[in-house]
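Heads up: the structure comes next, in structure tokens.
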Amino acid sequence: MKNHNLFAALRAAFPSSLDDVAVETDTGLNYSWRDLERGTAMMANLLASLGLPDGARVAVQVEKSVEAMMLYLATLRAGYVFLPLNTAYQSAEIEYFIGNAEPSVMVCSSKNFGWVSKIAFKAGTQNVFTLDDDRTGSLLDRAAHRSDKHEPVARQADDLAAILYTSGTTGRSKGAMLTHGNMLSNALVLKDYWGWKKGDVLIHALPIFHVHGLFVAIHGALINGSKMIWLAKFDSKLVVKKLPEATVFMGVPTLYVRLLAEPGLTREACRNMRLFVAGSAPLLIETFNEWKERTGHTILERYGMSETVMLTSNPYSGAERRGGTVGFALPGVSLRVQDESGHSLPAGEIGGIQVKGPNIFKGYWRMPEKTKEEFTADGYFKTGDVGKIDERGYIVIVGRSKDLIISGGYNVYPAEIEGYINDMPGVAESALVGVPHPDFGEVGVAVVIAKPGASLEGGQIVGELKSKLANFKIPKQCFVVSELPRNTMGKVQKNLLREQYKDLFARAAA
Ligand code: MLC
Ligand code: AMP
């Protein structure tokens with residue numbers, strides 16, 4: 001019977017010359033395909049030696065490194081479920097994820113071992129390893145004693161490969177369950193759709209705990225047997241320096257904005273580039289146009305989600321890449337726009353975007369009711385994005401029905417931040433709204449009402465949040481006001497707050 005293990009498919013695409021460079025790092029290290037093959041085998045053998053239950057989760061919160069990527073691949077190879085966690089998450093956030101996912105293995109940085117292991121052991125996790133970005137840590141020490149031969153464990157297409165936590169409009173984060181089949185089908189479609197070819201070299205400058213950097217970029221390069229130029233952190237100067245050696249780049253819009261600020265970004269620097277892909281947040285038309293002018297390249301914008309991997313893309317060839325649109329549904333994906341009463345809308349009309357296809361996740365981890373709510377009776381997933389299909393068939397995202405702020409490509413859920421603010425002494429109520437920002441696209445601004453007699457200060461609220469939440473979730477400003485605008489039902493009118501504060505950072509930038 002065919003093995004549907006995603007790793008087996010990625011491994012099958014390695015070039016025959018295993019000694020060629022697969023990954024070149026910004027610290028001057030070269031990893032060959034053989035290194036990836038052997039390193040992932042040793043880590044997979046380590047995982048296999050732990051006697052983990054079937055479907056065990058391997059939770060990972062480590063700095064970006066090639067070894068961290070290998071750990072992801074090894075988890076697939078060993079047939080377990082990978083759970084990546086943003087390095088910015090702090091203890092309360094980690095406690096929730098570990099408590100909810102009940103991983104059998106936790107891998108963290110050695111600097112965080114004290115508090116992370118405490119949380120993990122308390123939640124029943126039996127194995128806690130460390131992995132640092134300088135090729136040290138107990139995970140590597142233990143894997144070093146393992147065989148470098150390992151047969152990828154047999155998996156069905158429907159078996160879980162990863163859980164990605166993504167927050168909802170209410171309540172806590174939900175774990176989106178992605179299968180080997182979800183990810184392989186998407187990787188194969190993109191390989192073809194984006195014209196990946198022999199000799200392609202990808203600059204990998206994104207974090208590897210979300211869909212964009214972990215799946216779209218890594219799977220894209222590996223399934224094409226392509227070398228990656230690996231940046232531990234995005235660095236606009238270094239990207240510009242490396243462009244002449246590369247053919248493909250992927251980034252969230254903030255990366256494009258920052259690259260445009262580099263005088264070295266020229267047509268000459270991009271002479272060997274074939275493709276610039278943008279996604280995870282709306283790309284401003286100004287950025288799209290400026291990029292074209294400066295580099296001669298038209299950015300290809302695509303759209304996806306943690307629950308679905310990639311859904312739509314502008315064409316690579318054969319038709320225009322239209323700025324301000326996310327292109328067409330990818331082959332195999334059915335996409336429709338519906339109104340609130342469940343009627344499909346004709347081109348040009350705005351409604352909720354719904355999707356169906358082999359890439360759509362299996363459901364939310366241990367939340368069958370929530371999963372059911374997010375699918376229609378005929379099996380379409382409700383994305384929570386609002387859009388339309390334009391007169392030429394291109395999909396345009398015009399907003400979101402979910403209360404979500406996307407800041408520099410990271411998602412911030414107002415309900416979560418408001419919850420923390422509302423719990424502070426002296427706070428009667430709060431509202432977090434997204435406002436335009438020249439670097440991050442959108443950032444959160446908190447508007448707070450104090451309890452009668454309480455004296456509150458915005459800076460102090462921000463300071464307290466910093467000790468509790470991941471840094472990208474911290475409101476960039478916090479205002480204490482006497483009242484919030486409300487509709488006749490008493491609901492806070494966030495649209496009015498967004499309007500009121502929309503120029504906050506435009507002014508700062510001017
Ligand atoms: C950093 N900061 C942010 C931020 N990133 N604030 C708001 N939004 C962000 N995204 C703040 C920090 O809190 C800190 O503030 C200051 O900026 C410097 O932090 P840093 O870590 O040094 O920032 P930097 O390295 O410059 O990071 C910026 C960035 C990063 C744009 C490189 O945010 C990034 O890599 N974003 C990509 C996210 C991504 O991969 N998304 C894909 C999701 S997948 P202070 O006050 O503490 O100094 C998905 C599906 C799909 O959505 O379709 O792809
Ligand atoms: P995540 O939960 O991180 O997977 O974020 C997915 C969300 O990012 C989607 O539901 C969209 O709202 C948004 N998104 C992704 N790509 C794009 C894009 N190209 N344009 C606008 N929004 C996007």
Side-chain angles (χ1 to χ4, degrees), residues 63-64 84 86-88 90 164-169 173-176 178 186 190 204-217 231-236 239 250-259 277-285 287-288 299-314 323-327 352-353 355 359 361 374 381-387 395-413 434 437 439-445 459 462-463 465-467 469-477 505:
E63 295 299 331
K64 183 176 174 183
N86 194 318
T87 46
Q90 302 206 34
L164 265 71
Y165 274 87
T166 158
S167 298
T169 42
S173 273
K174 302 166 295 196
L178 290 162
N186 209 239
L190 292 178
H204 193 302
L206 286 162
I208 56 168
F209 36 69
H210 288 304
V211 160
H212 203 159
L214 184 63
F215 301 149
V216 189
L231 273 58
K233 246 178 114 45
F234 173 72
D235 171 342
S236 49
V239 170
M250 295 183 191
V252 299
T254 299
L255 305 200
Y256 287 95
V257 169
R258 292 188 182 183
L259 285 168
V277 178
S280 309
L283 178 75
L284 292 180
I285 192 75
T287 312
F288 176 88
I299 296 175
L300 178 154
E301 187 173 0
R302 92 311 180 269
Y303 155 59
M305 293 178 75
S306 300
E307 289 94 333
T308 64
V309 212
M310 294 301 99
L311 289 166
T312 76
S313 172
N314 268 278
T325 84
V326 292
I353 297 177
V355 290
N359 50 320
F361 74 135
E374 302 300 328
F381 172 61
K382 302 177 203 164
T383 62
D385 291 307
V386 173
I395 295 143
V396 182
I397 298 175
V398 299
R400 302 170 204 126
S401 58
K402 48 194 175 192
D403 192 10
L404 160 71
I405 298 167
I406 305 186
S407 186
Y410 287 140
N411 290 2
V412 179
Y413 287 86
H437 188 273
D439 183 30
F440 294 121
E442 197 179 14
V443 293
V445 169
V462 168
L465 288 175
K466 277 189 179 168
S467 66
L469 287 168
N471 59 10
F472 64 88
K473 294 182 188 171
I474 308 299
K476 298 287 181 219
Q477 292 240 15
F505 298 99

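Order of listing sets the numbers, starting from 1, for every ligand and every atom in it.
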Yes or no on side chain to side chain contact (heavy atoms under 4.5 Å, CB included) for Asn186 and Phe215, after CA distance, side-chain angles and deciding distance? CA-CA 9 Å; Asn186 209 239; Phe215 301 149; over 6 Å; no
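- If you number the atoms of ligand 2 from 1 as listed, the ones under 4.0 Å from a heavy atom of Thr166 come out as 2 (O).
- Among Val252, Asn411, Val211, the residue whose heavy atom lies nearest to atom 2 (O) of ligand 2 is Asn411.
- Residue contacts with ligand 2 for Ile406 involve side-chain atoms from C-beta outward but no N, CA, C or O (heavy atoms, distance under 4.0 Å).
- Atoms of ligand 2 lying under 4.0 Å from at least one heavy atom of Arg302, given by number and element, are 16 (N), 18 (C), 19 (N).
- Contacts between His210 and ligand 2 below 4.0 angstrom, taking non-hydrogen atoms only, are absent altogether.
- Of the N or O atoms in Tyr413, none lie within a sub-3.5 Å distance of an N or O in ligand 2.
- With distances taken over non-hydrogen atoms, the option nearest atom 22 (N) of ligand 2 out of Ala176, Pro282, Pro253 is Pro282.
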Go through the steps for Thr166 and Tyr413 under the test side chain to side chain contact (heavy atoms under 4.5 Å, CB included), then give the verdict. CA-CA 9 Å; Thr166 158; Tyr413 287 86; 3.7 Å; yes
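- Within the 4.0 Å heavy-atom shell around ligand 2 one does not find Glu307.
- Numbered from 1 in the order shown, with element, the atoms of ligand 2 that lie under 4.0 Å from a heavy atom of Ser306 read 1 (P), 2 (O), 3 (O), 4 (O).
- Although no hydrogens or angles enter the test, the distance criterion places no donor-acceptor pair under 3.5 Å between the side chain of Asp439 and the main chain of Arg258.
- Thr312 places a side-chain N or O within 3.5 Å of a backbone atom of Val326 that can act as its donor or acceptor partner.
- Annotation: salt bridge (charged side-chain N to carboxylate O under 4.0 Å, His left out) contacts of Asp235 (sequence neighbours excluded): none.
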Any protein N or O within less than 3.5 Å of an N or O in ligand 1? List each pair with its distance, or say none.
{"residue": "ligand 1", "atom": "6 (N)", "partner": "Lys476", "partner atom": "NZ", "Å": "2.8"}
{"residue": "ligand 1", "atom": "8 (N)", "partner": "Ser407", "partner atom": "O", "Å": "3.3"}
{"residue": "ligand 1", "atom": "8 (N)", "partner": "Ser407", "partner atom": "OG", "Å": "2.8"}
{"residue": "ligand 1", "atom": "10 (N)", "partner": "Ser407", "partner atom": "O", "Å": "2.7"}
{"residue": "ligand 1", "atom": "13 (O)", "partner": "Asn471", "partner atom": "O", "Å": "3.3"}
{"residue": "ligand 1", "atom": "25 (O)", "partner": "Lys233", "partner atom": "NZ", "Å": "2.8"}
{"residue": "ligand 1", "atom": "26 (O)", "partner": "Arg258", "partner atom": "NH1", "Å": "2.7"}
{"residue": "ligand 1", "atom": "26 (O)", "partner": "Arg258", "partner atom": "NH2", "Å": "3.4"}
{"residue": "ligand 1", "atom": "36 (N)", "partner": "Gly408", "partner atom": "O", "Å": "3.0"}
{"residue": "ligand 1", "atom": "41 (N)", "partner": "Gly409", "partner atom": "O", "Å": "2.9"}
{"residue": "ligand 1", "atom": "53 (O)", "partner": "Arg302", "partner atom": "NH1", "Å": "2.9"}
{"residue": "ligand 1", "atom": "53 (O)", "partner": "Gly304", "partner atom": "O", "Å": "3.2"}
{"residue": "ligand 1", "atom": "54 (O)", "partner": "Ser280", "partner atom": "OG", "Å": "2.6"}
{"residue": "ligand 1", "atom": "54 (O)", "partner": "Arg302", "partner atom": "NH2", "Å": "2.7"}

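- Heavy atoms of Ala281 found under 4.0 angstrom from ligand 2 belong exclusively to the backbone.
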Just do the side chain to side chain contact (heavy atoms under 4.5 Å, CB included) check on Met305 and Asp385 with the steps written out, would you? CA-CA 10 Å; Met305 293 178 75; Asp385 291 307; 4.3 Å; yes
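- In this structure, OG1 on Thr87 lies 11.0 Å from NZ on Lys64, to the nearest 0.5 angstrom.
- Taking a cutoff of 4.0 Å between a charged side-chain nitrogen and a carboxylate oxygen, Lys402 and Glu307 do not qualify as a salt bridge.
- The closest approach between Gly384 and ligand 2 stays at or above 4.0 Å for every heavy atom of the residue.
- Between the Glu301 side chain and the Pro282 main chain, no donor and acceptor come within less than 3.5 Å of each other.
- A donor-acceptor pair is defined here as one N or O able to donate and one able to accept, closer than 3.5 Å; no such pair exists between the side chain of Asn314 and the backbone of Leu300.
- When every heavy atom of Phe288 is checked against every heavy atom of Ile299, the shortest pair comes out as CE1-O, 3.3 Å.
- In this structure a side-chain-to-backbone donor-acceptor pair under 3.5 Å is present from Thr383 to Ile353.
- The protein heavy atom nearest to atom 6 (C) of ligand 2 is Gly304 O, 3.6 Å.
- Any N or O atom pair closer than 3.5 Å counts here, and Glu301 shares at least one such pair with ligand 2.
- Atoms of ligand 2 lying under 4.0 Å from any heavy atom of Arg400, numbered from 1 in the order shown and given with element: 12 (O).
- Using bins of under 30°, 30° to 60° and over 60° for the plane-to-plane angle, the ring pair Phe361/Phe381 lands in the perpendicular bin.
- By the criterion of a heavy-atom distance under 4.0 Å, the backbone of Ser280, and not its side chain, is placed next to ligand 2.
- Per-residue contacts place Met305 under 4.0 angstrom from the following atoms of ligand 2 (heavy atoms of the residue considered): 4 (O), 6 (C), 9 (C), 10 (O).
- A donor-acceptor pair is defined here as one N or O able to donate and one able to accept, closer than 3.5 Å; no such pair exists between the side chain of Tyr303 and the backbone of Val396.
- For atom 12 (O) of ligand 2, the closest non-hydrogen atom on the protein side is Asp385 OD1, 2.5 Å.
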